[in-house]
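Basis for what follows: all heavy atoms, side chains included, without hydrogens, waters or symmetry-related copies. Just so it is clear: chains get the letters A, B, ... in the order the sequence lines come, proteins before strands, and each one is counted from 1.
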Protein chains: 2
Amino acid sequence: MELSRRGDYAVRAMLDVATRPADRMTVTKEIALRQDIPPIFLTKIVSSLSQAGLLRTYRGVAGGVALGKPADQISLLQIIEAVDGPIYINRCLIRRGECDRDRTCPAHELWVQAQGELLGLLANKSLADLARRAQELQQAPMAGFAA
Amino acid sequence: MELSRRGDYAVRAMLDVATRPADRMTVTKEIALRQDIPPIFLTKIVSSLSQAGLLRTYRGVAGGVALGKPADQISLLQIIEAVDGPIYINRCLIRRGECDRDRTCPAHELWVQAQGELLGLLANKSLADLARRAQELQQAPMAGFAA
DNA sequence: GGCAAATAGGATATAATTTATCCTTTTATG
DNA sequence: CATAAAAGGATAAATTATATCCTATTTGCC
Ligand code: SF4
Ligand code: SF4
């Protein structure tokens with residue numbers, strides 16, 4: 001019932017790329033440093049994100065990674081499913097018939113609903129939303145003590 | 001991101017007890033048979049449910065288990081948390097400060113919201129709701145082919 | 001061409017968690 | 001006292017998650 005580290009890392013990595021100047025390439029190792037993600041592990045994650053088309057990667061000396069499409073066309077759901085595969089909150093939601101009780105199981109209906117809401121939320125939240133919010137949070141004045 | 005087997009079993013076991021005649025005791029082994037749950041594993045689950053007050057258990061020859069309180073006062077959330085511990089969909093929701101980025105992390109806010117919705121759904125669905133729905137589903141006519 | 005810097009990918013190690021069973025004890029009934 | 005049930009501790013087995021290592025490939029630049 002918990003998001004994998006991979007998924008959390010992937011979101012942070014995408015956010016890191018999205019909040020850098022778009023004209024310069026971002027290098028995986030630097031993302032790892034800034035975001036405190038195990039560097040070699042991150043290369044795997046970047047690879048998945050790249051295969052999903054969410055990142056574009058460039059090899060070689062001046063290489064690095066950049067967004068594969070505009071940030072407002074990348075949803076959180078896409079990011080997470082790119083690295084963790086399809087999300088399901090119970091196994092009967094993998095596909096119909098995966099659990100042979102699903103026709104008569106009242107819990108099944110509940111999971112269908114819960115999953116729908118979760119996926120909806122993630123599908124409607126874009127990387128651009130997050131990036132915007134990230135800036136707000138960074139600029140936010142501290143709830144300071146000295147007036 | 002997936003419910004544990006334990007959690008799924010727990011819901012089914014509770015539902016099984018809730019849909020039996022309340023005057024007779026239900027025996028764990030029989031629940032296991034009916035619900036197709038590994039019997040010894042189920043004893044552990046029953047034990048957790050009992051410690052959480054959701055089941056009352058009785059040892060000895062005429063023993064067994066019964067609901068610990070009325071079915072409409074038992075939420076799905078209680079059942080699942082009784083066997084799996086507190087639900088959190090990302091580790092920053094375990095407690096404040098668990099991830100030191102949580103003050104400035106835009107993803108954190110998303111998880112807070114998602115978790116709120118999920119827990120709300122589970123907290124508002126009672127075992128009685130499920131039991132009622134179970135009866136409906138059993139009585140429901142098949143979407144038959146022969147007219 | 002050859003070196004250096006970057007991603008790609010396969011294999012593998014390590015750790016953590018989940019699932020499940022075994023064995024012994026305790027409790028209650030008749 | 002024999003039997004049937006739950007309780008609980010220890011442990012096994014399986015699965016999954018996390019992370020690293022090593023080699024290959026691509027690219028820019030001198
Ligand atoms: S919730 Fe019901 S249908 Fe889904 S896995 Fe559990 S038993 Fe099967
Ligand atoms: S979502 Fe943000 S706050 Fe939560 S664990 Fe990930 S990085 Fe930390």
Report task. With DNA chain D as reference, determine whether B:T26 or A:L3 sits nearer its 5' end, using the nearest nucleotide of each. Result -> B:T26
To the nearest angstrom, how far is [X] atom [atom1] from [N] atom [atom2]?
{"X": "A:M1", "N": "C:dT17", "atom1": "CE", "atom2": "C1'", "value": "16 Å"}
{"X": "B:E2", "N": "C:dT17", "atom1": "CD", "atom2": "P", "value": "17 Å"}
{"X": "B:M25", "N": "D:dA5", "atom1": "CE", "atom2": "C1'", "value": "10 Å"}
{"X": "B:K29", "N": "C:dT21", "atom1": "NZ", "atom2": "C1'", "value": "13 Å"}

Report summary line: For A:T43, the side chain to side chain donor-acceptor pair (under 3.5 Å) test, sequence neighbours excluded, returns none
Query raised in the report: Excluding sequence neighbours, so at least two apart, what forms side chain to side chain donor-acceptor pair (under 3.5 Å) with A:D129?
Result: A:S126, A:R132
Are any protein N/O atoms closer than 3.5 Å to N/O atoms in nucleotides 26-29 of chain C? If there are, list each pair with its distance.
from   : atom 1 : to    : atom 2 : distance (Å)
C:dT26 : O2     : B:R59 : NH1    : 3.0
C:dT27 : O4'    : B:R59 : NH1    : 3.0
C:dT27 : O2     : B:G60 : N      : 3.3

Is there side-chain contact between [X] and [Y], with heavy atoms separated by less than 4.5 Å?
{"X": "B:V65", "Y": "B:I31", "value": "yes"}
{"X": "A:R101", "Y": "B:D36", "value": "yes"}
{"X": "A:V11", "Y": "B:L110", "value": "no"}
{"X": "A:W111", "Y": "B:L3", "value": "yes"}

Check whether more than 12 heavy atoms from other residues, nucleotides or ligands sit under 6.0 Å from atom [atom1] of [X], and answer yes or no.
{"X": "B:R103", "atom1": "CZ", "value": "no"}
{"X": "A:Q135", "atom1": "CD", "value": "no"}
{"X": "B:R56", "atom1": "CZ", "value": "no"}

Requested in this report: Could you check B:Q73, B:K69, B:M14, B:Q78 and say which one makes a side chain to side chain contact (heavy atoms under 4.5 Å, CB included) with B:L127?
Outcome: B:M14
Query raised in the report: In residues 11-24 of chain A, what residues come within less than 4.0 Å of DNA chain D, judged by heavy atoms?
Result: none
Report task. For DNA chain D, determine which residues of residues 31-53 of chain A have any heavy atom closer than 4.0 angstrom to one of its atoms, and list them numerically. Result -> A:P38, A:I40, A:F41, A:K44
Report task. Inspect the contact between B:R12 and B:D16 and indicate whether a charged nitrogen and a carboxylate oxygen are less than 4.0 angstrom apart. Result -> no
Any protein N or O atoms within reach of nucleotides 15-17 of chain D? Criterion: under 3.5 Å, listing atom names and distances.
none

Query raised in the report: Are OP1 or OP2 of D:dA6 and a side-chain N or O of B:T57 less than 4.0 angstrom apart?
Result: no
**Report entry** Residue among B:Q138, B:Q139, B:R133 satisfying side-chain hydrogen bond (donor to acceptor under 3.5 Å, both in side chains) with B:E136
**Finding:** B:R133
Report task. Find out if a path of hydrophobic residues (ILVMFWY) with successive side-chain heavy-atom gaps under 4.5 Å connects A:M25 to A:L33. Result -> no
